[in-house]
> 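This is the structure I have questions about; it appears just below.
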Protein chains: 2
Amino acid sequence: MHICSWNVNGIRAVAKRNQLPWDQMPAIEVWCLQETKARADQIGDLAEPDGWFAHWFSAEKPGYSGVALLSRTAPNRVVEGLGDPEYDCEGRVLTGVYGDLAVVGAYFPNSQEGGKRIDYKLGFCAAMERHLAGLRRQGLRTVLLGDYNIAHRAIDLARPKENEGNAGFLPGERAWMERYLGTLGYRDVFRERHPDEPGLYTWWTNWGGARARNIGWRIDYATVSPDLMDRVADIRIHPDIMGSDHCPVSITLE
Amino acid sequence: MHICSWNVNGIRAVAKRNQLPWDQMPAIEVWCLQETKARADQIGDLAEPDGWFAHWFSAEKPGYSGVALLSRTAPNRVVEGLGDPEYDCEGRVLTGVYGDLAVVGAYFPNSQEGGKRIDYKLGFCAAMERHLAGLRRQGLRTVLLGDYNIAHRAIDLARPKENEGNAGFLPGERAWMERYLGTLGYRDVFRERHPDEPGLYTWWTNWGGARARNIGWRIDYATVSPDLMDRVADIRIHPDIMGSDHCPVSITLE
DNA sequence: CCTGATAGG
DNA sequence: CCTACCAGG
């Protein structure tokens with residue numbers, strides 16, 4: 001099963017440029033999209049692309065956040081959000097269940113300038129923990145794909161020193177990654193397969209040719225529950241796929 | 001003296017496209033610009049173009065309205081507005097005095113959907129009358145150039161029937177044109193020289209190729225006080241000058 | 001530097 | 001449709 005996550009930074013802008021992800025990467029069977037920035041009723045035919053089951057989950061605030069789940073085969077069920085209206089009103093999480101696999105697509109909150117929203121973000125992370133635990137209690141193995149808006153360690157961004165204390169690299173959010181990947185035992189497969197390789201990023205700022213110079217951050221992940229680890233055949237980031245300030249991350253499960 | 005008026009619909013957009021009016025029409029010695037939509041401090045070098053005396057008068061509300069007066073020779077003095085803060089806070093009028101000539105550049109208010117702002121507009125027109133009367137009491141002859149946002153008569157727009165009761169063709173504003181050009185005796189030189197010629201417009205909506213099909217309105221004028229009439233050598237509209245949804249109107253005075 | 005929302009035209 | 005603004009990233 002080929003699953004891919006992409007923060008599209010506005011699906012309408014991507015569509016206008018003819019860079020829709022399913023056209024660009026035809027082998028993918030499940031797409032988790034973040035920052036769609038549109039309701040289904042704003043995008044016409046794009047809401048139900050030919051050959052896909054599509055589910056759109058949007059923020060209340062127009063043009064803000066929003067996620068989508070597209071799959072070639074229909075999921076057994078789809079869960080919107082984390083079960084907490086404080087987070088679910090921002091359209092950040094969609095879970096598709098396929099057999100014993102739960103595919104969770106998520107757009108974690110940005111902690112913002114001066115860490116203004118770090119409390120909200122850590123609350124979201126805690127709610128995500130509970131959500132994942134609930135899925136596992138249902139006997140499901142989980143893969144959590146999306147834009148975590150967190151660079152875990154110094155190796156995960158090009159300028160760790162300069163970004164000490166900046167949104168996405170705050171002690172509090174990094175500590176949650178430690179907890180999630182350490183204490184809770186979820187697996188950052190990509191880093192496990194490239195333990196010491198720098199320069200592997202999924203996001204670059206739009207200014208100053210950062211992407212061309214590969215001054216980026218790895219903030220998009222596909223992490224799996226421990227019991228899914230043995231099914232992971234492949235995991236990749238796709239820096240050559242353009243159309244957003246993020247690039248896709250794909251995982252192949254057997 | 002070659003004087004030209006142009007509603008630029010955002011001077012920054014015009015500059016970005018390299019369509020600055022003084023580059024396009026080098027013979028012009030005085031430019032009255034409307035809808036500049038920028039303060040002098042937002043436009044860098046453009047605020048004081050080489051070889052020009054420039055005066056910018058902006059609305060309080062950012063990106064809204066705004067007029068400019070540029071001239072090859074320095075005016076004896078410049079007057080900002082009409083002397084009424086209700087209108088002057090919207091950056092709509094600049095007057096440059098050159099010898100015994102007062103060049104008044106004006107951006108008349110739009111009367112808006114449903115005539116929502118017709119009272120404001122007619123108040124502006126009344127204040128403009130007083131302003132012009134004041135200039136004449138000072139012994140000045142006046143030319144009032146700009147976007148009046150009024151089509152005077154049916155001949156002045158392509159679709160008079162369909163626009164009966166629409167902003168720019170409301171009875172109240174047309175009546176003010178009648179008063180200005182009839183009772184008060186100011187002269188619409190362009191119409192006097194083309195009394196029965198339809199299809200002479202200065203503004204076209206951006207939708208549906210209206211300009212290519214010449215579905216437009218004549219809402220930009222250069223009108224003169226009766227005592228200036230004998231000095232008018234030429235008056236033209238310039239539908240070939242692109243860069244805005246309006247085209248320039250020029251007048252040549254001896 | 002991008003996205004999308006919004007006001008104003 | 002097109003110019004600006006603005007929030008958010």
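Letters A, B, ... are given to chains in the order of the sequence lines, protein chains preceding strands, and every chain is numbered from 1. Computed over heavy atoms, backbone and side chain alike; hydrogens, waters and symmetry mates excluded.
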> Provide, to the nearest angstrom, the distance between the OH atom belonging to B/Y120 and the P atom belonging to C/dG9.
10 Å

> Mind running a 4.0 Å heavy-atom check of residues 213-220 of chain A against DNA chain D and sending the residues that fall below it, in number order?
none

> Would you say CD of B/E60 has more than 12 non-hydrogen atoms from neighbouring residues, nucleotides or ligands within 6.0 angstrom?
no

> I'd like to compare against my own output: the B/S/- annotation of nucleotides 4-9 of chain D with a strict under-4.0 Å heavy-atom distance to protein.
SS-SSS

> Can you name the salt bridge (charged side-chain N to carboxylate O under 4.0 Å, His left out) partners of A/R39, sequence neighbours left out?
A/D41

> Going by the rule salt bridge (charged side-chain N to carboxylate O under 4.0 Å, His left out), which residues pair with B/R191 if we only count those two or more places apart in sequence or in a different chain?
B/D156

> Measure the spacing between CG of B/N18 and CD of B/Q24 and express it to the nearest 0.5 Å.
9.5 Å

> Check the phosphate of D/dT3 against B/R17, side-chain N and O only, distance under 4.0 Å to OP1 or OP2. Yes or no?
yes

> Going by ring-ring contact (aromatic ring centres under 6.0 Å, His included), name the residues that satisfy it together with A/Y120, two or more places apart in sequence or in a different chain.
A/Y87

> Whole-Å distance between C/dC2 C1' and A/Q34 CD?
17 Å

> Could you list the donor-acceptor pairs under 3.5 angstrom formed between side-chain atoms of residues 164-179 of chain B and any protein atom two or more places apart in sequence or on another chain?
unit_1, atom_1, unit_2, atom_2, d
B/N166, ND2, B/N163, OD1, 3.0
B/E173, OE1, B/S111, OG, 2.9
B/E173, OE1, B/K121, NZ, 2.5
B/E173, OE2, B/S111, OG, 2.9
B/E173, OE2, B/G168, N, 2.7
B/E173, OE2, B/F169, N, 3.3
B/E173, OE2, B/L170, N, 3.0
B/R174, NE, B/H152, O, 3.0
B/W176, NE1, B/E129, OE2, 2.9
B/E178, OE2, B/H152, NE2, 2.8
B/R179, NE, B/E129, OE1, 3.3
B/R179, NE, B/E129, OE2, 2.7
B/R179, NH2, B/E129, OE1, 2.7

> Any cation-pi pair here, A/R92 with A/Y107, using under 6.0 Å and within 45°?
yes

> Expressed as a whole number of angstroms, how long is the span from A/W204:CH2 to C/dT3:P?
17 Å

> Take B/W203 and B/D220, measure what side-chain hydrogen bond (donor to acceptor under 3.5 Å, both in side chains) needs, and give me the verdict at the end.
CA-CA 8 Å; B/W203 175 81; B/D220 301 83; over 6 Å; no

